[in-house]
Every structure is written in structure tokens, then in C-alpha cells.
Amino acid sequence: MSQIEETLKKYPKYMPTLVRYEEPIEINEDEMQLEMQEQVLNQKKKQQLQPLDQKWSIDEILNKFFPPRRFEHEGHFFKQVVSVNDVKRDELNQLEAELDQRLIERQARKSGICPVREDLHSQLFEEIIRQSAINCPERGLLLMRVYDNLKLTFAAYQTLYAGSVVFGNRKAAESEIGKSEQDSKIADYDKKKIYLENQKILLENELDAIQRSFKEIRELEEKRMESEMQFLKQQTKHLEHFLKQVQQNQQ
């Protein structure tokens, strides 16, 4: 059983973290309130990392990086300070396995933006800073500066992402409003198109009927004129024959 599992078994309200802390020690309520007030005041102040040339003890550096944790259990108050002990290789393997287990238990997404995965990897980075600060305080200070800069950069990206989401939602809402108007216009145009297509069909049918009627009338006129032509030709032949007979009788 790991140290975190043992602590969780003793103190159910204990919030687990990948950063290694010492065993909780009990404090009285006055000390609890006083330390909480000091912590609030320190949070309001602008935190600045000390220059590398200033000498600090390991305890002071780690406590500045990782303030003590406080919690309540069954009416008793407890404080937990960060561990100043280094880790061995097998403990690093255990830390990796614990990270994988936490990712599965908290259902962290493997890709995309995931607050759970971000939180766990931040804890892992803090534990790496703790281990580096124990072996080399200067390296720990540099890593903490890099870590703070990464957090500021990530916060800026989060703000930018949140603003882009709001902007995108607003544009989507505006497009939905314009889309309804466009859909209404498209529906009206579709109705007009159907009406005009029907009118086209009616006019084409009417044109076909008129053309057939004109064709029939023309054919009838041609037949009538042909019959009249034949009649006139016959009349001409009769008249010519009659004139010849008249001429022959006069002679």
C-alpha cells in the first residue's frame, strides 16, 4: 500500500496529489486559522522567485514552492508539509504507474483540452521540480520559473480560447438568425419557381394546341385551293373545247 493510499485510509477528506508530502501532523484550531490567514495574505501579494545567488535552505525553497496543506478530519485539524526526501528509481516507476492509474480513474481524455489531464500532469511537473530542488536548488528555481511562465502562457491561451468560443457562438447565433431569413427567401423563390414552371408548361401546351390548329387550318386551305385549282383547270379545258367547236361551225 502506497503512502497516499494509507493517508486516504486514515483521512478520507485528504485530497491526493502526485507531489510527495510528509505525514499529516495535528494542529489546534488557532494555529489553523492563523496559518490560513497568512496563506491568504501571501496569495494576495505578488509572488516573486528569489535570485539564484541568494542562499536558501532546502526546506525554505520547498515550502516556498509548495505551501503546507491543511485539512480537517473528525473535528481535528491537520497540516502537511512537503517532503524533503529524495526518491529512488523504483519510486519513480511507482509514480508513473500512479499517474496512469489516476488518468484512468478520473477518465481523462487522451487528446484535446482536458482539465483532468492538465491537473495531473501539473502535479507530476511539480513533483519533478521538488525532486530537482532537493538535488540542486538552483535547478529547482529555474524549473519553477519555467513552470510559472508555462502557467501564464496556458492561462493566456485559455482566455483566448474562451473569447474565441464566445465569439464563435455569437457569430453562430447571428448566422442562425440570417439563415432563417435566407431559408424563408429560398422557400419563396422555390414557390415562385414552381409557379413559373407550371406556367411554362401551360403556355407550352397552349402553343402546341395553337400550332396544331394552324396546321390543320393550313392543310384545309391547301386542299380547298387545290380543289378550286382543279375545278378552274377543268372549266378552262371546257371553255377551250367549246371555243374550238364554235370556230369550226362558223367556218
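- Residues satisfying the salt bridge (Lys or Arg N to Asp or Glu O under 4.0 Å) criterion with Asp119, sequence neighbours excluded, are Arg106.
- Counting only residues at least two apart or in different chains, side chain to side chain donor-acceptor pair (under 3.5 Å) contacts with residues 213-224 comprise Glu221-Arg224, Arg224-Glu228.
- With sequence neighbours excluded, the residues satisfying side-chain contact (heavy atoms from CB on, under 4.5 Å) with Val166 are Arg170.
- Side-chain atoms of Ile134 and Asn85, non-hydrogen and from C-beta on, never get closer than 4.5 Å to each other.
- Cluster partners of Val87 are Leu92, counting Ile, Leu, Val, Met, Phe, Trp and Tyr whose side-chain heavy atoms approach within less than 4.5 Å, directly or via other members.
- For the pair Glu126/Met144, no side-chain contact is recorded, criterion being any heavy-atom separation below 4.5 Å from C-beta on.
- Counting only distance, with no hydrogens or angles, the side chain of Asn149 and the backbone of Arg145 share no donor-acceptor pair below 3.5 Å.
- Within 6.0 Å of atom CD in Gln107, 12 or fewer heavy atoms from other residues, nucleotides or ligands are found, so the atom counts as exposed in its surroundings.
- Every residue meeting the side chain to side chain donor-acceptor pair (under 3.5 Å) condition with Gln131, not counting sequence neighbours, appears here in chain and number order: Glu127.
- Within the structure, no pair that satisfies the salt bridge (charged side-chain N to carboxylate O under 4.0 Å, His left out) test touches residues 154-167, not counting sequence neighbours.
- For Ser83, the side chain to side chain donor-acceptor pair (under 3.5 Å) test picks out Glu22, with sequence neighbours left out.
- Residue pairs meeting the salt bridge (charged side-chain N to carboxylate O under 4.0 Å, His left out) criterion with at least one member in residues 233-242: none, sequence neighbours excluded.
- When the side chains of ILVMFWY residues are joined at heavy-atom separations under 4.5 Å, either directly or via intervening members, Val84 and Leu141 end up in a single hydrophobic cluster.
- Across all their heavy atoms, Ala108 and Cys114 have their closest contact at CA-SG, 3.8 Å.
- Residues satisfying the salt bridge (Lys or Arg N to Asp or Glu O under 4.0 Å) test with Lys171, not counting sequence neighbours, are Glu174.
- Interatomic distance, Phe65 CZ to Leu62 CG, rounded to the nearest 0.5 Å: 7.5 Å.
- Two residues are said to be in side-chain contact when any heavy atoms from C-beta on lie closer than 4.5 Å; Glu118 and Gln158 meet this criterion.
- No path of Ile, Leu, Val, Met, Phe, Trp and Tyr side chains, each step under 4.5 Å between heavy atoms, connects Leu150 with Tyr157, placing them in separate hydrophobic clusters.
- Put simply, OH on Tyr189 and CD on Gln182 are 8.5 Å apart, with the number rounded to the nearest 0.5 Å.
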Please test Glu26 against Lys79 for side-chain contact (heavy atoms from CB on, under 4.5 Å), starting from the C-alpha separation and ending with a verdict. CA-CA 6 Å; Glu26 186 174 356; Lys79 180 175 73 171; over 6 Å; no

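- Here the closest heavy-atom approach between residue Pro24 and residue Phe78 is recorded as CB-CB, 4.1 Å.
- By the 6.0 Å and 45° rule, Arg130 does not stack over the aromatic ring of Phe66.
- Under the 4.5 Å side-chain heavy-atom criterion for grouping Ile, Leu, Val, Met, Phe, Trp and Tyr, Leu95 is connected to Leu120 within one hydrophobic cluster.
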Should Val19 and Ile129 be marked as a side-chain contact (heavy atoms from CB on, under 4.5 Å) after you check the CA-CA gap, both sets of side-chain angles, and the distance that decides it? CA-CA 9 Å; Val19 181; Ile129 294 175; over 6 Å; no

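- Residues Tyr21 and Pro67 share a closest heavy-atom pair of OH-O, 3.7 Å.
- Separation of atoms OG1 (Thr17) and CZ (Arg69) is listed at 5.5 Å; rounding is to 0.5 Å.
- To the nearest 0.5 Å, the span separating CD on Glu105 from CD on Glu98 amounts to 9.0 Å.
- Looking only at side-chain heavy atoms (C-beta outward), Val116 and Arg102 stay at 4.5 Å or farther from each other.
- Legend: ring-ring contact (aromatic ring centres under 6.0 Å, His included) pairs involving residues 97-125, not counting sequence neighbours, sorted by first then second residue: Phe125-Tyr147.
- Taken to the nearest 0.5 Å, the CE atom of Met229 stands 7.0 Å off from the CG atom of Leu232.
- A salt bridge between Lys185 and Asp188 is absent, with no side-chain N of the basic residue lying under 4.0 Å from a carboxylate O of the acidic one.
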Just do the side-chain contact (heavy atoms from CB on, under 4.5 Å) check on Leu203 and Glu206 with the steps written out, would you? CA-CA 5 Å; Leu203 292 174; Glu206 185 176 355; 4.0 Å; yes

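- The side chain to side chain donor-acceptor pair (under 3.5 Å) check on Gln234 picks up nothing, with sequence neighbours excluded.
- Residues Phe154 and Ile128 do not share a hydrophobic cluster, defined by chaining ILVMFWY side chains whose heavy atoms lie under 4.5 Å apart.
- Contacts of His241 classified as side chain to side chain donor-acceptor pair (under 3.5 Å), with partners at least two apart in sequence or in another chain: Gln245.
- Taking every heavy atom of both residues into account, Gln80 and Glu23 meet most closely at CG-C, 4.4 Å.
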